[in-house]
Amino acid sequence: MIFRWSVTTTNGRVLVVGGHGAVGSVVTAALDRWFPRRVLTAGRSRGVRMDVTDPDGFRRTLDGLDDIAAVVLCVQPPDAGPARACLERGIHLVDVNAQPALLAEVSRLDGAAAAAGATAVLSVGIAPGLTNLLARRAHDVVGGAERLELTVLLGAGERHGADAVRWTVEALATPPGAARPRRVALPGHGRRRAHPFPFSDQHTLPETLGVPEVTTRLCLDSRALTRVLFALRPATRRPGLRRALAAALRHTHLGGDPFAVRADAWRGDRHAAFALTGRTQSRISGLVAAHTARRALDGRLPAGVHHIEQVPVLADLPECLAPEGVTLHTLPEDRARDRA
Ligand SMILES: NC(=O)c1ccc[n+]([C@@H]2O[C@H](COP(=O)([O-])OP(=O)(O)OC[C@H]3O[C@@H](n4cnc5c(N)ncnc54)[C@H](OP(=O)(O)O)[C@@H]3O)[C@@H](O)[C@H]2O)c1
């Protein structure tokens with residue numbers, strides 16, 4: 001891939017949309033430490049008033065703000081309108097969204113972003129995000145994977161943000177396809193039954209890495225809640241049940257706040273696997289976004305639209321998170337996983 005380097009000024013300010021949410025507040029705090037007095041927050045009710053569902057209003061508000069060099073989008077918009085507004089103005093974009101169709105739509109803005117000298121980084125967070133980076137490592141170790149399997153464990157006791165819970169419940173209602181649940185060993189959590197789940201990484205990695213078969217699975221730290229959640233899956237096609245489940249997940253905190261992600265790659269008889277473990281997915285997702293925005297503001301990212309694993313200078317993010325209690329594990333193949 002040939003990179004054209006961004007030319008946008010890096011002295012400007014950064015706008016964190018959804019900057020008071022579970023992810024956005026972490027992004028705001030980290031960027032404020034690195035770029036004092038250069039960080040603005042936005043949302044419908046606090047900070048700069050912006051609504052991502054109102055494209056004209058979003059553009060008008062952006063045009064009314066001086067010297068915005070980067071936007072970190074910490075809420076899921078209905079379409080690529082906010083991304084287009086930023087990139088056409090030469091404003092860098094860091095997007096934590098996890099919705100495959102929306103990511104595909106934003107990817108199509110590559111030409112507009114490159115022409116304006118702006119960078120967009122997509123698949124930023126834990127899943128997608130750290131899963132993509134681990135997948136890339138394992139893929140490289142085996143010399144180009146033929147198959148990738150990703151596993152995500154989330155803490156059922158964490159106070160996940162409303163927007164993230166809404167995304168999870170909607171994703172649960174998506175038919176799981178042909179992939180089967182699997183037992184997978186996760187460092188510190190033993191062997192867990194994880195269920196196919198429509199994280200966006202498995203939709204974008206076939207294109208960015210050229211791997212034909214990618215599956216992502218989910219489990220919770222609480223084995224009991226994992227069983228209940230996936231037993232309810234067929235019933236989540238009913239909107240009423242989705243609303244009730246979202247309310248229950250927001251107010252029930254059974255379990256702790258750990259997370260773990262694991263990526264396995266196979267090519268013939270070659271295998272490689274890496275995992276990351278830590279606490280509080282919202283905090284670590286926010287820190288991944290903040291480090292990405294920092295490098296955009298430092299002028300270190302190529303112009304155009306990229307997923308996180310396509311940008312070489314972001315490959316060391318797992319190591320950057322070590323001071324935040326995130327541990328990188330190199331793992332042997334879990335040959336017993338389906339027999340357990
Ligand atoms: N990639 C990953 O691993 C990862 C991990 C976690 C979360 N996420 C994604 O990150 C997003 C945020 O999650 P979260 O847990 O931080 O949710 P959250 O706590 O509910 O925060 C959402 C924020 O967005 C604002 N907001 C909501 N609707 C808005 C709108 N229409 N226009 C402008 N601002 C709006 C809210 O403030 P107001 O109510 O004041 O507007 C709030 O500050 C979700 O889309 C989630 O899927 C990704």
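All values below were derived from every heavy atom in this structure, side-chain atoms included, with hydrogens, water molecules and symmetry-related copies excluded. Read the numbers this way: they start at 1 and go in the same order the structure lists the ligands and their atoms. This is a predicted model, so every value here is computed, not measured.
- At the top of the distance list for atom 24 (O) of ligand 1, counting protein heavy atoms only, stands G18 CA, 3.3 Å.
- With hydrogens and angles ignored, the 3.5 Å screen pairs no side-chain donor or acceptor of R44 with any backbone N or O of M50.
- Ligand 1 has no N or O atom lying under 3.5 Å from any N or O atom of S282, backbone or side chain.
- G129 does not count as a contact of ligand 1, since none of its heavy atoms falls under 4.0 Å from the ligand.
- Side chains of D95 and L102 form no contact here, defined as non-hydrogen atoms less than 4.5 Å apart.
- Side-chain N or O atoms of R192 include one that pairs as donor or acceptor with a backbone N or O of L220 at under 3.5 Å.
- Of all the heavy atoms of V165, none lies under 4.0 Å from any atom of ligand 1, so neither backbone nor side chain is involved.
- Side-chain atoms of E105 come within 3.5 Å of backbone N or O of A80 as a donor-acceptor pair.
- Atom 12 (C) of ligand 1 has C74 O, 3.0 Å as its closest protein atom, hydrogens excluded (heavy atom only).
- Closest to atom 20 (O) of ligand 1 among all protein heavy atoms lies D163 N, 2.9 Å.
- By the criterion of a heavy-atom distance under 4.0 Å, both the backbone and the side chain of S45 are placed next to ligand 1.
- Checking side-chain atoms of D110 against main-chain N and O of V305 turns up a donor-acceptor pair under 3.5 Å.
- For atom 37 (O) of ligand 1, the nearest protein heavy atom lies 4.0 Å away or farther.
- In terms of polar-atom proximity, G21 is counted as a contact of ligand 1, with an N or O under 3.5 Å from an N or O of the ligand.
- The nearest protein atom to atom 16 (O) of ligand 1, hydrogens excluded, is given as V23 N, 2.8 Å; this is a heavy-atom distance.
- The shortest N or O to N or O distance between D51 and ligand 1 is below 3.5 Å.
- Of the options V96, V152, I126, the smallest heavy-atom separation from atom 9 (C) of ligand 1 is shown by V96.
- Scanning all protein heavy atoms for the shortest distance to atom 46 (C) of ligand 1 gives A164 CA, 3.9 Å.
- Contact annotation for A98 and ligand 1: no heavy atom of the residue comes within less than 4.0 Å of the ligand.
- Taking every non-hydrogen atom of P128 and a distance limit under 4.0 Å, the qualifying atoms of ligand 1 come out as 1 (N), 2 (C), 3 (O).
- In this structure, F58 and V52 approach most closely via the heavy-atom pair CE1-CG1, 4.1 Å.
- A donor-acceptor pair under 3.5 Å links the side-chain atoms of R295 to the main chain of V313, judged by distance alone.
- Side-chain atoms of H160 never come within 3.5 Å of backbone atoms of G157 as a donor-acceptor pair (strictly under, hydrogens ignored).
- S282 and E158 form a side-chain donor-acceptor contact under 3.5 Å, judged by distance and modelled atom types alone.
- Shown are L209, N132, I308; of these, the side chain to side chain contact (heavy atoms under 4.5 Å, CB included) with T204 is made only by N132.
- Pairing each heavy atom of T119 with each of L87, the nearest pair is O-CD2, 4.0 Å.
- Although no hydrogens or angles enter the test, the distance criterion places no donor-acceptor pair under 3.5 Å between the side chain of Q281 and the main chain of G155.
- Counting only heavy atoms of the protein, atom 19 (O) of ligand 1 lies nearest to A22 N, 2.9 Å.
- Within the structure, the closest approach of V124 to ligand 1 falls below 4.0 Å when heavy atoms are considered.
- At a heavy-atom distance under 4.0 Å, no atom of H160 approaches ligand 1.
- Close N/O approach between A162 and ligand 1 is found [any backbone or side-chain N/O within under 3.5 Å].
- Close contacts between ligand 1 and Q281 involve ligand atoms 5 (C), 6 (C) [criterion: under 4.0 Å to a heavy atom].
- Taking the charged nitrogens against the carboxylate oxygens, D56 and R59 do have a contact shorter than 4.0 Å, which makes a salt bridge.
- Counting the atoms of ligand 1 from 1 in the order shown, those under 4.0 Å from a heavy atom of G125 are 1 (N), 2 (C), 3 (O).
- For the pair R89 and D63, the salt-bridge criterion is met [side-chain N within less than 4.0 Å of a carboxylate O].
- At a 4.0 Å heavy-atom cut-off, ligand 1 does not touch A42 at all.
- Note: F197 and F230 have perpendicular aromatic rings, judged against thresholds of 30 and 60 degrees for the angle between ring planes.
- When distances from atom 33 (C) of ligand 1 to the protein are checked, a heavy atom turns up under 4.0 Å.
- Among S285, P78, A289, G43, the residue whose heavy atom lies nearest to atom 4 (C) of ligand 1 is S285.
- Each of the following atoms of ligand 1 lies closer than 4.0 Å to a heavy atom of M50: 32 (N), 33 (C).
- The single protein non-hydrogen atom nearest to atom 47 (O) of ligand 1 is W167 CB, 3.8 Å, given as residue, atom name and distance.
- In terms of protein heavy atoms, atom 30 (C) of ligand 1 is closest to R44 CD, 3.5 Å.
- Residues A171 and R233 approach most closely at O-NH2, 4.3 Å, considering heavy atoms.
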